[in-house]
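All remarks here apply to the structure that follows.
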4 protein chains.
Amino acid sequence: MAKNKKQKIISTATKLFAAQGFDNTTTLQIAKETGVTEPLLYYHFQGKEEIFTEIIKGIFQEYSRLLSGLPEETENQFEKINNLMRLHIHIAENRPDEGRLILANCPGKLKNDTHVCQQIIDKQQEIIAAYLKDCLEKGNDSGEFDAHPVDHLVIVLLCLINGIFRKKLLGKKEKASYEYTAIDFCHKALTKKS
Amino acid sequence: MAKNKKQKIISTATKLFAAQGFDNTTTLQIAKETGVTEPLLYYHFQGKEEIFTEIIKGIFQEYSRLLSGLPEETENQFEKINNLMRLHIHIAENRPDEGRLILANCPGKLKNDTHVCQQIIDKQQEIIAAYLKDCLEKGNDSGEFDAHPVDHLVIVLLCLINGIFRKKLLGKKEKASYEYTAIDFCHKALTKKS
Amino acid sequence: MAKNKKQKIISTATKLFAAQGFDNTTTLQIAKETGVTEPLLYYHFQGKEEIFTEIIKGIFQEYSRLLSGLPEETENQFEKINNLMRLHIHIAENRPDEGRLILANCPGKLKNDTHVCQQIIDKQQEIIAAYLKDCLEKGNDSGEFDAHPVDHLVIVLLCLINGIFRKKLLGKKEKASYEYTAIDFCHKALTKKS
Amino acid sequence: MAKNKKQKIISTATKLFAAQGFDNTTTLQIAKETGVTEPLLYYHFQGKEEIFTEIIKGIFQEYSRLLSGLPEETENQFEKINNLMRLHIHIAENRPDEGRLILANCPGKLKNDTHVCQQIIDKQQEIIAAYLKDCLEKGNDSGEFDAHPVDHLVIVLLCLINGIFRKKLLGKKEKASYEYTAIDFCHKALTKKS
DNA sequence: TATGAATGAGAATTCATTCAT
DNA sequence: AATGAATGAATTCTCATTCAT
């Protein structure tokens with residue numbers, strides 16, 4: 001019953017932080033909506049900030065797990081980029097609360113670079129960047145791509161992935177499936193004109 | 001001197017909202033940093049929220065002005081898309097405070113769709129979407145592009161532009177000029193393989 | 001009316017801190033008893049601790065004033081010691097709140113030596129010690145005293161003065177005038193047996 | 001092991017109350033530092049206050065034991081006063097925690113006279129007063145002292161003893177041995193000039 | 001004996017806002 | 001146009017204490 005309540009608190013807080021933002025969510029609200037009293041929050045966590053931090057950590061742990069689950073061997077390099085984009089689309093569709101929580105709160109916490117939030121996001125972006133860089137370099141070498149300025153392209157792809165992720169989470173419900181157009185878009189941009 | 005002070009307040013508040021977020025900026029801080037007292041804020045504005053609203057309105061007014069200043073007649077359609085992207089790059093570089101203010105606060109205000117912030121952003125996105133749609137359709141018709149699913153592509157381009165805008169404003173100082181790679185990227189993806 | 005309220009707060013807080021101790025006095029109590037609201041305390045002071053600090057500073061400012069008002073020229077050295085003792089008796093009788101505030105709170109604040117309270121008390125004790133040392137040395141030289149171990153005697157006198165000060169402030173209402181016996185006691189102990 | 005733990009709690013609490021004061025010591029801190037959990041405190045004691053009370057009782061029980069161990073028969077009356085003063089010096093040196101606990105907390109608890117703390121201290125002071133009164137009267141009768149106003153002198157000596165006790169426990173580490181100067185000081189003040 | 005989990009009652013502090021001038 | 005003083009309503013957090021086991 002202990003882990004139970006702690007987990008419930010995390011889950012309630014995630015929903016609230018995602019919907020209202022960290023600053024607009026009160027500890028009282030979290031407690032009430034979880035069905036516990038405020039002091040219990042402080043029994044399980046050091047404070048409001050720690051609840052947030054634990055959520056963030058949990059989210060990125062899961063995210064890392066998914067990333068490392070992507071197939072290492074693929075027919076070609078674009079397949080890997082495809083996989084990465086689909087993974088993000090999948091996350092946006094299946095974990096909207098977690099996604100929104102990040103989008104809604106992390107830029108607001110950007111004032112201090114040392115905030116866990118920023119640190120974790122930075123690390124994550126680096127991992128994806130490395131993943132993309134590897135694809136692009138191999139694809140260039142093999143002649144699959146004619147994508148020369150690798151470092152720049154990595155950032156461009158990152159921007160596109162982030163942009164789509166935001167759109168799916170924050171945008172009006174768009175006529176879906178534009179995401180797959182985005183993948184085609186990349187494919188066309190990257191692969192050699194034959 | 002009246003307009004003077006009101007303008008000073010707006011300018012200070014913009015900087016603070018951009019750097020710390022709306023919720024983490026106090027009226028006292030705005031007043032002190034402007035060099036006035038709190039009641040004066042209430043003389044010029046109805047309240048904190050109104051200061052924010054006026055800033056947003058100002059930003060989008062200027063933004064609209066810039067948008068409508070884009071050349072209507074260009075050699076080809078991609079030129080127009082190119083112009084749109086460059087405009088956003090330009091804004092990110094020259095109006096960082098305004099840009100950050102939007103990015104840092106608006107998604108957090110997404111709880112109620114009726115918020116001015118959300119409304120204005122939505123309208124703006126629609127305008128750009130229309131702009132892009134027009135380009136793509138004309139480009140498709142003329143054979144410049146072989147980009148068929150216009151509606152989807154509009155969103156993809158929007159996502160990319162937003163993604164780059166964010167990156168420039170919130171990301172670490174990247175080795176610049178990836179933005180131009182992004183433009184090439186689009187060019188390759190949109191125009192016919194010849 | 002501003003200084004007015006601030007002064008009232010100080011005076012109420014002094015009474016309460018003296019009677020109940022710092023920790024057992026709430027800001028709400030101070031506010032209510034002063035006839036203002038809690039936030040006003042925070043308008044005039046940085047916090048509860050600062051109220052305390054200002055009180056302490058005020059007390060010792062006044063105390064210093066009294067000390068420096070003691071006559072420099074006296075018939076003999078014991079007269080000066082007499083004056084010092086009488087001054088403390090006088091303070092205990094006329095400024096009971098201030099006295100009790102110090103006695104009741106300062107040792108409790110002794111955990112950190114850097115607390116204003118401790119610093120100020122230390123400085124004050126040094127001043128009196130210097131005063132006494134001067135008396136004793138001069139009295140020894142002139143043959144008025146046969147009080148040889150000056151440094152030790154200074155401490156002994158300090159202890160006695162402090163002890164009497166405490167007794168008067170914290171003790172049951174004793175049959176008064178034992179204080180003057182204390183002065184005689186010192187006189188006998190210090191001056192030469194003739 | 002039961003008595004064991006209870007004793008450990010008392011000993012930890014004594015140290016904490018002495019160093020930080022009653023109000024600034026939390027039950028959680030006592031529990032943690034003892035190596036037990038909070039509910040165990042409530043198994044052994046009725047509450048935080050009772051822990052304090054038991055400590056106080058223990059201290060004064062020991063103190064009474066020491067007092068009653070003082071030799072009844074001495075060569076002269078000053079010897080007894082000497083013994084009393086040395087006893088306090090000894091306690092201050094060997095039981096600093098207990099001493100500090102009293103000094104740091106009891107005056108703060110002075111708000112209600114009915115507090116155990118105050119009661120016990122009062123009783124104790126009476127016992128010493130009686131002890132001193134007996135000495136002084138006998139010494140006066142025998143011609144050892146020419147100290148006439150016995151009741152007043154009792155208080156004066158009490159003040160001095162208390163003052164020295166405080167100094168030793170709360171003061172900066174002074175060049176020791178001023179305490180023995182204090183004893184001489186009393187001797188000179190009390191005994192007849194010959 | 002002993003504990004993990006939970007809470008009621010309050011504490012200090014903050015903040016947008018207003019009033020009197 | 002401008003301010004010093006003041007406040008209502010919250011907000012985060014603490015702490016002694018208890019319950020169920």
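Numbers restart at 1 for each chain; the letters A, B, ... are given by sequence-line order, proteins then strands.
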Exercise for the section: Kindly point out which of dA9(E), dC15(E), dT3(E) is positioned nearest to the side chain of P39(D)? Expected result: dT3(E)

Problem - Rounded distance in Å - NE2 (H44(B)) to P (dA16(E)) - result: 18 Å

Exercise for the section: Answer yes or no: is there a donor N or O on one side and an acceptor on the other, between the side chain of K8(B) and the main chain of G35(B), under 3.5 Å? Expected result: no

Problem - Donor-acceptor contact below 3.5 Å, side chain D97(D) vs main chain T14(D) - result: no

Exercise for the section: Answer yes when E38(B) and K32(B) have at least one side-chain N-carboxylate O distance shorter than 4.0 Å, and no when they do not. Expected result: no

Completion exercise
Of T26(A) and L40(B), the one whose closest nucleotide on DNA chain F sits nearer the 5' end is L40(B)

Handout entry: Spacing between K5(B) atom NZ and dT3(F) atom C1', to the nearest angstrom
Key = 11 Å

Problem - Residue mapping more 5' on DNA chain E - nearest nucleotide basis, V36(A) or E38(B) - result: V36(A)

Exercise for the section: Identify the nucleotide, in any strand shown, that forms a Watson-Crick or G-U wobble pair with dA20(E), with both distances under 3.5 Å; if there is none, say none. Expected result: dT3(F)

Exercise for the section: Could you check whether T27(C) gets within reach of a base, just the sugar-phosphate, or nothing at all, counting any heavy atom under 4.0 Å? Expected result: base

Exercise for the section: Mind calculating the distance between NZ (K32(C)) and P (dA12(E)) to the nearest angstrom? Expected result: 13 Å

Problem - Value in whole Å for how far the P atom of dG10(E) lies from CG of D23(D) - result: 16 Å

Practice task
Report the distance from atom NZ of K48(B) to atom P of dA16(E), rounded to the nearest whole Å.
Solution key: 4 Å

Practice task
Please figure out whether T37(C) or Q46(A) has its closest DNA chain F nucleotide nearer the 5' end.
Solution key: T37(C)

Handout entry: Whole-Å distance separating the CZ atom of F45(C) from the C1' atom of dT14(E)
Key = 18 Å

Problem - Given DNA chain E, 5'-ward residue of the pair Y42(B) and G47(C), judged by closest heavy atom - result: G47(C)

Practice task
Take the protein atom OH of Y43(D) and the nucleotide atom P of dT17(F), then report the distance between them rounded to whole Å.
Solution key: 18 Å

Problem - Residues T12(B) and E33(B): side-chain donor-acceptor under 3.5 angstrom - result: no

Practice task
Measure from CG on L16(C) to P on dA12(E) and round the result to the nearest Å.
Solution key: 12 Å

Handout entry: Polar side-chain atom of K5(B) near backbone of H44(B) as donor-acceptor pair, under 3.5 Å
Key = no

